[in-house]
A.B. asks: 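Structure provided below as structure tokens; questions to follow.
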Number of protein chains: 2
Amino acid sequence: MELSSPFPLETVAIEKQTLHDQVANRIRDLIIEGHLAPGTRIDETTLVEQLGVSRTPFREALRTLAAEGLVIIRPSKGSVVRKLTAQDVFSMLELLSHLEKLAGQLVCERASDADIEGLLELHEDMLKRYREGDRLPYYKLNQEFHSRVSELAGNESLREVQANIQARLKRIRFLGNSKPDYWASAVAEHEQMAAALRKRDGDALGRVMAQHLMNTWDRVKDNL
Amino acid sequence: MELSSPFPLETVAIEKQTLHDQVANRIRDLIIEGHLAPGTRIDETTLVEQLGVSRTPFREALRTLAAEGLVIIRPSKGSVVRKLTAQDVFSMLELLSHLEKLAGQLVCERASDADIEGLLELHEDMLKRYREGDRLPYYKLNQEFHSRVSELAGNESLREVQANIQARLKRIRFLGNSKPDYWASAVAEHEQMAAALRKRDGDALGRVMAQHLMNTWDRVKDNL
DNA sequence: ATTCCTTATTTTGTATACAAAATATACTAT
DNA sequence: ATAGTATATTTTGTATACAAAATAAGGAAT
């Protein structure tokens, strides 16, 4: 018999998905993809029916989403999809810009050459999508790029927080790319990021990423 | 009949605490105050009995705490109080140092004179506690000081994230003040913060606060 | 009609009951 | 004894049932 893996099994095994996890993921997607619009009341009875689960896992899932800030639970009065005010969005983008600035600096210090290479490939993919006008794939690659930078910064807490804020902003950011000239300037900023990455110039990368996010605010603020 | 208050009632009314909220708060305190030690398995049956609630609100509370990062839920295998590795703590302190740096900068730009004054009073209280050797009150005022700075930075997202990380680190940080010389240097750093606050020198304040947290790491790392 | 109050209906909150999974125990074979 | 397997027990996950609160509907008085 072969020698078994040096890692204990549980770290390798695919994590079992409990029902409430699945439900949380499902509702999260519904919110992020806009099928449950901000401000919408979350009707337990119908949603539970549509998902084919009982209220128990459903309500547990709601608590998770509430802690993530996607949903507001008003005691005895039902839950609603959190509606972001302009101020909410600004505060998130301001914070995110500082977080990604930090991530940009750290990634240049800490990531391996291969990882940087991977980021640059991602960037090339984005460019291709841009040139071909494929908005949705571009958008997804863009999310992936920002997530990956945070991940490769080598600070798990930073990664978590970035992921959470990015999730909350997903819909908003999509709007920001909806006008062509906005898209063009976003792409130009990403070019600068790539250049800084190639030089592993953390300060430059951080600066561009921060700027990128404050520009996102400018692109987005009038839609709120 | 009198004219009613100009504010709608719900904004004034005390928020109704549902059972799962109370339970979440209760368990959170138990964890933070060390009555539920890191790594401890959370036994639903006994805990539910002690709290005198049924499993439903208890489990909902657990999901909240899990999302906050205080508890780990292992599907079908029970929950445990999250145990922080040295790396976890480092990543939190590194992130927190950047967050509070930002908070320090912003508070100098955005807070009112009265608010700054309030912070300085808090600082004086801390000094008094230090001189009298009252460790626990000092500790609480210290937490309050850092929270207040984040609050007065005028960015709600920043405040939330700071509060979350501070909560996770509460126990750890207490350790950091346990040795007298550590305490002394922490107080010295706070003196610098106060000086910067008086001058509304955001850069200086940010620098000291960031440094303060990286020093916390040095004070704490050997106890992990 | 409009306002107020009363009574239904729906919706939410919590407890309990049942099912499924994991863990512990006891037994058998070697 | 020990390893392995089968069975019992505990623990977790989910569904349902009941209670309490909020909302909606209906009707009486102005």
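Quick note on labels: first sequence line is chain A, next is B, and so on, each numbered from 1.
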A.B. asks: Between the main-chain N or O of A153(A) and the side-chain N or O of R110(A), is there a donor-acceptor pair closer than 3.5 Å?
C.D. replies: yes

A.B. asks: Rounded to the nearest Å, what distance is computed from the CG atom of residue L51(A) to the P atom of nucleotide dA15(D)?
C.D. replies: 11 Å

A.B. asks: Between dT14(C) atom C1' and R63(A) atom CZ, what is the distance in whole Å?
C.D. replies: 13 Å

A.B. asks: Using atom CD of Q22(B) as one end and atom C1' of dT14(C) as the other, report the distance to the nearest whole Å.
C.D. replies: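 So the CD-C1' distance, Q22(B) to dT14(C), works out to 12 Å.
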
A.B. asks: Do any side-chain nitrogens or oxygens of S54(B) fall under 4.0 Å of OP1 or OP2 in dA15(C)?
C.D. replies: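 For dA15(C), OP1/OP2 do have a side-chain N/O of S54(B) under 4.0 Å.
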
A.B. asks: Applying salt bridge (Lys or Arg N to Asp or Glu O under 4.0 Å), can you list everything that pairs with D134(A), at least two apart in sequence or on another chain?
C.D. replies: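 R129(A).
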
A.B. asks: Take the protein atom NE2 of H20(A) and the nucleotide atom C1' of dT12(D), then report the distance between them rounded to whole Å.
C.D. replies: 10 Å

A.B. asks: Would a distance-only check, ignoring hydrogens and angles, find a side-chain to backbone donor-acceptor pair under 3.5 Å from N164(B) to E68(B)?
C.D. replies: yes

A.B. asks: Round to the nearest Å and state the distance from E44(B) atom CD to dA22(C) atom P.
C.D. replies: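 Answer to the nearest Å: 15 Å.
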
A.B. asks: In terms of side-chain heavy atoms of R55(A), which of dA22(C), dA15(D), dT14(C) is nearest?
C.D. replies: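 The closest nucleotide is dT14(C).
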
A.B. asks: Please tell me if the side chains of H190(B) and H212(B) come closer than 4.5 Å, counting only heavy atoms from C-beta onward.
C.D. replies: yes

A.B. asks: Return the value, rounded to whole Å, for the distance between atom CG of L19(A) and atom C1' of dA20(C).
C.D. replies: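 So the CG-C1' distance, L19(A) to dA20(C), works out to 12 Å.
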
A.B. asks: Taking side chain as C-beta onward, heavy atoms only, is F58(B) less than 4.5 Å from I27(B)?
C.D. replies: yes

A.B. asks: Pick out the pairs of N or O atoms, protein on one side and nucleotides 8-11 of chain D on the other, that lie under 3.5 Å.
C.D. replies:
residue	atom	partner	partner atom	Å
dT11(D)	O3'	R41(B)	NH2	3.1

A.B. asks: Quick check: any donor-acceptor pair below 3.5 Å linking the side-chain of T56(A) to the base of dA15(D)?
C.D. replies: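 Between dA15(D) and T56(A), which were checked side chain against base, a qualifying N/O pair under 3.5 Å is present.
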
A.B. asks: Assess the residue pair E94(A) and W217(A) against the criterion (side chain to side chain contact (heavy atoms under 4.5 Å, CB included)); give the C-alpha distance rounded to whole Å, side-chain angles, the decisive distance to 0.1 Å, and a yes or no.
C.D. replies: CA-CA 8 Å; E94(A) 181 176 68; W217(A) 167 245; over 6 Å; no

A.B. asks: Between atom CG in L62(A) and atom P in dT14(D), what is the gap in whole Å?
C.D. replies: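 Taking atom P of dT14(D) as the reference, CG of L62(A) is at 15 Å.
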
A.B. asks: Of all the nucleotides listed (dA15(C), dA15(D), dT12(D)), which has the minimum atom distance to the side chain of V53(A)?
C.D. replies: dA15(D)

A.B. asks: Between Q162(B) and H146(B), is there a side-chain donor-acceptor contact under 3.5 Å, judged purely by atom types and distance?
C.D. replies: no

A.B. asks: Take atom CG of D21(B) and atom C1' of dT14(C), then tell me their distance rounded to the nearest Å.
C.D. replies: 14 Å

